[in-house]
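Counting from 1, the numbers follow the sequence of the chain as shown.
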Amino acid sequence: MAITASIHHLTHYKYDRPVTLGPQIIRLRPAPHSRTRVISHSLKVSPGGHFVNHQQDPYGNWLSRFVFPEPVREFRIEVDLVADMTVYNPFDFFVDDSAQIWPFEYPADFSEDLTIYRKPEEAGPRLRAYVASIARKKTNTVDFLVALNAQLARDIGYIVRLEPGVQTPDETLHLERGSCRDTSWLLVQILRHLGFAARFCSGYLIQLRPDLVALDGPAGTDHDFTDLHAWCEVFLPGAGGIGLDPTSGLLTGESHIPLAATPHYRNAAPISGGYSSAGTPEVEFDFDMTVTRVAEHPRITKPFSDEAWQALDALGQQVDAVIEEQDMS
């Protein structure tokens, strides 16, 4: 039995004068390929009086395009999402025999379709050196990707970076630190320079406090939280898109809910759009994300409480009494 978790995500802009919003593109609906089951999802945008078109981009991601014909003093976006946090095995996939060993060639049937995901940007000296340091000997493809992802997590420290944009791979390698989007874009470029088809992915990350403290390895978070996150997906014949999270060095799991997976990070921004106004307005920005456990069933690591057992035992005794009273035994 699983935990059901609810996300509430608020983004709110307030302006000190009327502004004219350009078309606003919102990518906050879980992508069709999400392995985590999304039970419900809602998107509320205000102020009213807008026009909206729900679409899919060229890569199959959902997006909503909002147009505001009149000037506004605020722009408010609310997402409510309920997800089934059933644990799944991230290695539950099969790789075609032709791609079991790296290096491999993508099948001619769809290699051209992957061109946009295999074309790297021009590498700077640090990226060239990093890619050159990777051994090219024949090895199991999945083992190679797991090791590369883990190595990048060790080489690049994680930081919370509030500045807009994404660092270049050379900047991230030089600083030896970056946000999730910086390290994920670096991994995308490394994989492409190695011949893999890779894409940038943005989405929600739900981290729930574990029932038991780990005896070895990382203890995990001490509280439930959720946030916007970024990772990388690599395409393997037979397996499809496999999520690699270079922030943790692990494969993605039920805690990762993709919103957009695109060839370039520019097309994966959760919200994009501009505005114009007379003069430069003062903008007040509010952002809030919360996660709540809305259903939590007993499980091996967190069985019934003593109170629950007592209530269950009492109910059983009541049933036994009725059975005996009605001579049904």
Quiz item: Do W102 and R136 touch side chain to side chain, with heavy atoms closer than 4.5 Å?
Solution: yes
Quiz prompt | Flag for E74-H12: side-chain donor and acceptor within less than 3.5 Å | solution = yes
Exercise. Check F200, Y117, W185, Y59 against H264 for a ring-ring contact (aromatic ring centres under 6.0 Å, His included) and give me the one that passes.
Key: W185
Self-check item: Spatial distance of atom CG (L191) from atom SG (C232) [nearest 0.5 Å]
Solution: 5.0 Å
Quiz item: Is there side-chain contact between S111 and E105, with heavy atoms separated by less than 4.5 Å?
Solution: no
Quiz item: Are the side chain of H50 and the backbone of P47 linked by a donor-acceptor contact shorter than 3.5 Å?
Solution: yes
Self-check item: Validation row, ring centre H54 to ring centre W62 under 6.0 Å
Solution: no
Self-check item: Closest approach of P120 to R118 (non-hydrogen atoms, all atoms of both residues)
Solution: CD-O, 3.0 Å
Self-check item: Test item: S98 and Y106 side chains (from C-beta on) under 4.5 Å apart, heavy atoms
Solution: no
Quiz prompt | Side chain proximity check, D227 to I206, heavy atoms < 4.5 angstrom | solution = no
Quiz item: Do you know the tightest heavy-atom contact between Y158 and C180?
Solution: CE1-N, 3.7 Å
Quiz prompt | Criterion side chain to side chain contact (heavy atoms under 4.5 Å, CB included) on L250 and D245, from CA distance to verdict | solution = CA-CA 6 Å; L250 303 174; D245 188 341; 5.6 Å; no
Self-check item: Residue H8 excluded, over 12 heavy atoms near NE2 under 6.0 Å
Solution: yes
Quiz item: If Ile, Leu, Val, Met, Phe, Trp and Tyr residues are connected whenever their side-chain heavy atoms lie under 4.5 Å apart, and connections chain through other members, are F196 and L187 in the same group?
Solution: yes
Self-check item: Heavy-atom neighbours of F51 CZ exceed 12 at 6.0 Å
Solution: no
Quiz item: Is a donor on one side and an acceptor on the other found under 3.5 Å between the side chain of R27 and the backbone of A269?
Solution: yes
Quiz item: Shared ILVMFWY cluster between F91 and V87, side chains joined below 4.5 angstrom?
Solution: no
Self-check item: Rounded distance [0.5 Å steps], OG1 in T4 versus CD1 in I39
Solution: 4.5 Å
Quiz prompt | I257 versus S34, closest heavy-atom pair with distance | solution = CG2-OG, 4.1 Å
Quiz item: Going through the checks in order, is the side chain to side chain contact (heavy atoms under 4.5 Å, CB included) test met by S202 and H229?
Solution: CA-CA 6 Å; S202 68; H229 193 51; over 6 Å; no
Quiz item: For V82, does its backbone N or O pair with a side-chain atom of S6 as donor and acceptor, under 3.5 Å?
Solution: no
Exercise. Give me the one residue out of L148, D182, D155, N149 that meets side chain to side chain contact (heavy atoms under 4.5 Å, CB included) with P246.
Key: N149
Practice problem: Take atom CZ of R17 as the centre, draw a 6.0 Å sphere, and report whether it contains more than 12 heavy atoms from other residues, nucleotides or ligands. | Solution: yes
Self-check item: Side chain proximity check, T252 to L244, heavy atoms < 4.5 angstrom
Solution: no
Exercise. Could you pull out the closest heavy-atom pair between I156 and G178, with the gap in Å?
Key: CG2-N, 3.8 Å
Quiz item: How far does CZ of R266 sit from OG of S272, to the nearest 0.5 angstrom?
Solution: 12.0 Å
Exercise. Give the intermediate values and the outcome of side chain to side chain contact (heavy atoms under 4.5 Å, CB included) for residues L127 and Q189.
Key: CA-CA 9 Å; L127 179 57; Q189 293 303 309; 4.1 Å; yes
Quiz prompt | Interatomic distance, L28 atom CG to I25 atom CD1 [nearest 0.5 angstrom] | solution = 12.0 Å
Practice problem: Go through the steps to decide whether Q207 and T226 satisfy the test side chain to side chain contact (heavy atoms under 4.5 Å, CB included), and finish with yes or no. | Solution: CA-CA 6 Å; Q207 293 280 63; T226 185; over 6 Å; no
Exercise. Output yes when a side-chain donor or acceptor of R181 lies under 3.5 Å from a complementary backbone atom of A230, and no otherwise.
Key: no
Quiz prompt | Validation row: V72, E70 side chains within 4.5 angstrom (heavy atoms) | solution = no
Quiz item: Just checking, any donor-acceptor pair under 3.5 angstrom between side chains of Q167 and T172?
Solution: yes
Quiz item: At their closest point, which heavy atom of P169 faces which heavy atom of L186, and how far apart are they?
Solution: CB-CD1, 3.6 Å
Quiz prompt | ILVMFWY network linking L208 to L228, side-chain heavy atoms under 4.5 angstrom | solution = yes
Self-check item: Backbone N/O of S64 and side chain of R29: donor-acceptor pair under 3.5 Å
Solution: no
Quiz prompt | Test item: R161 and R177 side chains (from C-beta on) under 4.5 Å apart, heavy atoms | solution = no
Quiz prompt | Closest non-hydrogen atom pair between P237 and F104, with its separation | solution = CD-CE1, 4.0 Å
Quiz item: Is the OH atom of Y88 crowded by more than 12 outside heavy atoms at less than 6.0 Å?
Solution: yes
Quiz prompt | Whether N61 side chain and A31 backbone form a donor-acceptor pair below 3.5 Å | solution = no
Quiz item: Is there a path of hydrophobic side-chain contacts, each under 4.5 Å between heavy atoms of I, L, V, M, F, W or Y residues, that connects L10 with M289?
Solution: no
Quiz item: With distance as the sole criterion, is a donor-acceptor pair present between the side chains of R126 and H174 under 3.5 Å?
Solution: yes
Self-check item: NZ/NE/NH1/NH2 to OD/OE distance under 4.0 Å, R199 and E233
Solution: yes
Practice problem: Indicate whether the side chain of Q100 and that of D96 have a donor and an acceptor atom separated by less than 3.5 Å. | Solution: no
Quiz item: Does T11 reach the main-chain N or O of I77 with its side chain, forming a donor-acceptor pair under 3.5 Å?
Solution: no
Exercise. Calculate, to the nearest 0.5 Å, the distance between atoms CG and CD belonging to L21 and Q24 respectively.
Key: 5.0 Å
Quiz item: Between H256 and Y204, does the ring centre distance come in under 6.0 Å?
Solution: no
Quiz prompt | Main-chain N/O of G48 paired to S46 side chain as donor or acceptor, under 3.5 Å | solution = no
Quiz prompt | Beyond-backbone contact of L251 with I242, side-chain heavy atoms, under 4.5 angstrom | solution = yes
Quiz item: Regarding T168 and D170, is there a side-chain donor-to-acceptor distance under 3.5 Å anywhere?
Solution: no
Exercise. Please confirm whether F75 and F285 have ring centers closer than 6.0 angstrom.
Key: no
Quiz item: If you measure from OG1 on T36 to CE on M85, what distance do you get to the nearest 0.5 Å?
Solution: 6.0 Å
Quiz item: With no hydrogens and no angle check, do the side chains of Y13 and D286 hold a donor and an acceptor under 3.5 Å apart?
Solution: no
Quiz item: How about E163: does its CD atom have over 12 heavy atoms from other parts shown lying under 6.0 Å from it?
Solution: yes
Exercise. Examine L81 and V45 and state if one hydrophobic cluster contains both, with Ile, Leu, Val, Met, Phe, Trp and Tyr joined whenever side-chain heavy atoms are less than 4.5 Å apart.
Key: yes
